[in-house]
Amino acid sequence: LLPSVDGMDRAVLLSACDPVGATTEELQAWVRPQMRPALGRVLTSLMHARLVGRDGERWQLRAAGDAEIRRRGLAVDVSA
C-alpha cells in the first residue's frame, strides 16, 4: 500500500484484501487515527459511487472499485 493513500482509498483497498470483504471494525483498525471519525461518511460515499457494497456486516469491493484501484495505481503488487 502506498503511504500517500487517503482514507477513502484505504477503505476500498482493505475491502479488496479479502474476498469476503472487511467489517467496519477492521476498517477502523486499519485507517490512520485521524481518518476514523469520517470513516462512516467515506464508506457511504463509496457505496453511493458503487465502488463498494455491503453484505451484512462486511464491506466488499465491487468490480468498479477494483477497476478504480487499478486505474489509479493505488496498490503495489507484492506477489512478484
Side-chain angles (χ1 to χ4, degrees):
L1 180 62
L2 301 173
S4 61
V5 174
D6 69 14
M8 183 173 281
D9 296 331
R10 284 176 177 268
V12 171
L13 290 170
L14 181 59
S15 65
C17 289
D18 190 335
V20 298
T23 65
T24 301
E25 291 76 22
E26 289 168 330
L27 292 166
Q28 289 269 353
W30 200 56
V31 298
R32 293 184 196 122
Q34 64 268 31
M35 296 176 185
R36 290 180 186 146
L39 186 60
R41 215 171 32 252
V42 167
L43 291 169
T44 299
S45 177
L46 291 170
M47 190 168 60
H48 288 297
R50 299 185 181 264
L51 299 178
V52 299
R54 194 154 189 191
D55 182 18
E57 294 295 315
R58 302 190 80 78
W59 294 92
Q60 296 175 319
L61 187 67
R62 290 184 170 183
D66 185 57
E68 183 71 6
I69 289 169
R70 294 177 194 286
R71 182 185 72 76
R72 293 177 54 202
L74 294 174
V76 176
D77 185 6
V78 294
S79 63

Exercise. Out of curiosity, E57 CD to T24 OG1, how far, rounded to the nearest 0.5 Å?
Worked result: 7.0 Å

Exercise. What distance separates D55 CG from Q60 CD, expressed to the nearest 0.5 Å?
Worked result: 4.5 Å

Exercise. Who are the side-chain hydrogen bond (donor to acceptor under 3.5 Å, both in side chains) partners of T44, not counting sequence neighbours?
Worked result: none

Problem set entry | side-chain hydrogen bond (donor to acceptor under 3.5 Å, both in side chains) involving R54 - partner list, sequence neighbours excluded |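 Here no residue qualifies.
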
For this session: Give the minimum heavy-atom separation between L43 and L27, together with the two atoms involved.
Result: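 Taking every non-hydrogen atom into account, CD2-CD1, 3.6 Å.
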
Problem set entry | side-chain contact (heavy atoms from CB on, under 4.5 Å) against R50, all qualifying residues, sequence neighbours excluded |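 By the side-chain contact (heavy atoms from CB on, under 4.5 Å) rule, R50 matches R62.
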
Exercise. Are W59 and E26 side-chain neighbours, meaning at least one heavy-atom pair lies under 4.5 Å?
Worked result: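 Counting from C-beta outward, W59 and E26 never come under 4.5 Å.
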
